[in-house]
Amino acid sequence: MATIRFGFRRLNFHLLRRSFLLLKLTAFVIAVLLFCEFLIYYLVIVWCNWPEIKTPAHDSERETLEPVLKAMFLADTHLLGEVRGHWLDKLRREWQMERAFQTALWLLRPEVVFILGDIFDEGKWSSPQAWADDVERFQKMFRHPPHVQLKVVVGNHDIGFHYQMSTYRIKRFEKIFNPERLFSWKGINFVMVNSIALEGDGCNICSEAEAELIEISHKLNCSLKEQHSRRCEDGQPLPASAPVLLQHFPLYRRSDANCSGDDAAPPEERGIPFRERYDALSREASQKLLWWLRPRLVLSGHTHSACEVLHGAGIPELSVPSFSWRNRNNPSFIMETDCLS
């Protein structure tokens with residue numbers, strides 16, 4: 001009888017030991033998942049800081065460091081669709097983008113977020129039901145509080161390149177995302193351009209887009225008092241500020257050869273020539289935009305990599321890298337503080 005009891009005790013001891021090891025292993029796995037899928041985003045993004053700008057104080061001659069408008073810029077989220085998107089790839093990439101975006105909102109508290117095109121990967125051919133499903137997932141991932149504004153620019157994967165673009169696809173996109181082309185807040189003017197429509201071949205969509213940009217140019221000139229006509233007396237006056245130009249395609253440049261930094265294209269890809277109307281806007285369309293709008297700054301997407309170039313009389317353009325881990329191993333976003341100057 002004593003031998004049997006001793007055997008039961010040894011068995012219970014081994015069972016308890018195995019249970020304890022299993023409990024430790026489970027706790028370790030949960031801790032790793034918690035760190036890799038939640039905490040890591042906070043530990044990385046917490047180091048991001050808003051640029052400080054100097055604005056003249058109203059009550060003295062001293063300058064104060066005071067961020068005015070906090071804007072965050074993303075590009076090329078490429079939410080996968082039903083054709084090319086494997087469910088596991090969708091789940092992983094969209095979880096990463098959702099956690100990064102929601103963490104950035106909570107820690108950085110931007111006032112406005114701009115996404116510079118290619119929101120979806122298959123908008124150029126998706127069926128009505130697939131489009132509705134993609135939109136629902138986007139609205140869940142990029143949900144935001146009412147005091148944060150979300151502005152979206154159309155990209156070629158949303159409506160197709162020029163030869164695929166149609167009025168139906170444009171209207172479908174604009175039904176979900178406000179078609180507003182001119183947006184002003186805190187004294188800053190933003191012009192959001194459908195760069196796919198700047199083909200320059202005189203198509204109906206292209207002609208309408210150019211006419212709209214010319215009208216915006218007139219309003220901006222009126223705000224800067226560069227035109228004096230009765231038309232300037234119509235409508236709400238804009239802030240007297242050169243605009244920030246937002247679009248999907250970058251302005252014309254030969255390549256990314258002069259780009260550098262951690263977010264730039266890999267060295268072996270930087271020298272590949274850009275094709276006009278495919279990798280970047282045409283030289284003619286770029287010149288028109290710069291002439292019509294005279295922007296203080298240009299932000300674009302499409303290349304999936306970061307780059308800073310100067311156009312014309314020193315107008316800077318920043319290409320925003322892709323926000324999707326599917327397009328690059330170090331996705332990122334740009335933070336900007338701006339004020340009326």
Side-chain angles (χ1 to χ4, degrees), residues 33 36-38 40-41 44-45 72-105 113-144 150-166 168-178 194-196 246-250 263 265-266 269 278-279 299-306 319-334:
L33 287 174
C36 294
E37 302 301 333
F38 287 94
I40 188 64
Y41 297 97
V44 172
I45 296 177
M72 195 164 77
F73 298 90
L74 286 62
D76 296 278
T77 52
H78 283 272
L79 270 69
L80 294 173
E82 65 176 3
V83 177
R84 299 196 304 188
H86 187 274
W87 69 268
L88 184 58
D89 197 15
K90 278 186 188 180
L91 179 67
R92 181 65 182 149
R93 305 310 179 189
E94 292 178 9
W95 170 258
Q96 290 170 322
M97 285 193 287
E98 180 177 352
R99 292 315 319 148
F101 182 74
Q102 295 301 326
T103 303
L105 282 187
V113 178
F114 295 96
I115 306 182
L116 304 182
D118 280 0
I119 313 304
F120 307 107
D121 196 60
E122 300 179 10
K124 54 190 176 181
W125 63 51
S126 60
S127 66
Q129 184 57 53
W131 172 262
D133 293 341
D134 292 346
V135 167
E136 184 178 358
R137 290 184 1 254
F138 171 85
Q139 292 173 337
K140 173 185 175 295
M141 292 168 55
F142 293 93
R143 62 192 181 277
H144 53 90
L150 180 67
K151 303 290 183 180
V152 174
V153 176
V154 70
N156 57 287
H157 275 266
D158 302 316
I159 60 173
F161 280 103
H162 177 262
Y163 63 90
Q164 298 170 305
M165 177 179 62
S166 67
Y168 165 74
R169 292 193 181 102
I170 292 174
K171 296 298 182 186
R172 181 172 73 172
F173 185 87
E174 291 180 345
K175 184 178 179 181
I176 303 301
F177 305 104
N178 195 319
N194 176 2
S195 50
I196 294 87
L246 307 175
Q247 58 187 28
H248 182 62
F249 285 161
D263 296 325
E269 297 179 8
Y278 189 84
D279 299 307
L299 289 116
S300 58
H302 190 57
T303 65
H304 297 176
S305 300
S319 288
V320 182
S322 174
F323 192 62
S324 173
W325 271 260
R326 195 169 188 263
N327 295 327
R328 55 184 300 119
N329 290 326
N330 58 337
S332 56
F333 52 85
I334 287 180

Short side-chain donor-acceptor distance under 3.5 Å, N156 and H248:
yes
What's the spacing between W131 CH2 and I176 CD1 if we round to 0.5 Å?
7.0 Å
Any chance you could measure H144, atom NE2, to F101, atom CZ, to the nearest 0.5 Å?
7.0 Å
Got a second to check how far L105's CG is from R143's CZ, nearest 0.5 Å?
9.0 Å
Hey, are the side chains of Q247 and H302 touching, using non-hydrogen atoms and a 4.5 Å cut-off?
no
Salt bridge check, D158 against K124: does any charged N sit closer than 4.0 Å to a carboxylate O?
no
Taking the side chain as every heavy atom from C-beta outward, state whether H78 and R326 have any atom pair closer than 4.5 Å.
no
How close do G160 and Q164 get, counting heavy atoms only, and between which atoms?
CA-OE1, 3.5 Å
Over all heavy atoms of both residues, which pair between G123 and R172 is shortest? Give the atoms and the distance, please.
O-NH2, 2.9 Å
State yes or no: are the ring centers of F138 and F177 separated by less than 6.0 Å?
yes
In terms of heavy-atom contacts, P321 and S332 come closest through CG-OG, 3.0 Å
Which pair of non-hydrogen atoms, one from E94 and one from L80, has the smallest distance, and what is that distance?
OE2-N, 4.0 Å
Verify side-chain contact (heavy atoms from CB on, under 4.5 Å) between V152 and F114, making sure each step is shown before the conclusion.
CA-CA 6 Å; V152 174; F114 295 96; over 6 Å; no
S324 versus D76: any side-chain heavy-atom pair under 4.5 Å?
no
With respect to S322, which candidate in D118, N327, T77 satisfies the side chain to side chain donor-acceptor pair (under 3.5 Å) definition?
N327
What heavy-atom pair brings S126 and A130 nearest, and what distance separates the two atoms?
CB-CB, 4.1 Å
Sub-4.5 Å side-chain heavy-atom contact between R137 and L79
yes
Got a second to check how far Q96's CD is from I40's CD1, nearest 0.5 Å?
11.5 Å
Distance under 6.0 Å and angle within 45° of the ring axis: does R99 meet both against W95?
yes
Working for side-chain contact (heavy atoms from CB on, under 4.5 Å), residues F249 and Y278
CA-CA 8 Å; F249 285 161; Y278 189 84; over 6 Å; no
Just say parallel, tilted or perpendicular for the rings of F142 and F323, cut-offs at 30° and 60°.
tilted
In the structure I gave you, are the side-chain heavy atoms of M72 and L74 within less than 4.5 Å of one another anywhere?
yes
Partner of D89 under side chain to side chain donor-acceptor pair (under 3.5 Å), chosen from H86, R93, R92
R93
Any chance you could measure D134, atom CG, to E136, atom CD, to the nearest 0.5 Å?
10.0 Å
Does L299 reach the side chain of L116, with side-chain heavy atoms less than 4.5 Å apart?
yes
Mind checking whether F73 and F333 have ring centres under 6.0 Å apart?
no
Spacing of CD1 belonging to I159 relative to CD1 belonging to I170, to within rounding of 0.5 Å:
4.5 Å
May I ask you to test the S300-S319 pair for a side-chain heavy-atom distance under 4.5 Å?
yes
Does F161, at its CZ atom, have more than 12 non-hydrogen atoms belonging to other residues, nucleotides or ligands within less than 6.0 Å?
yes
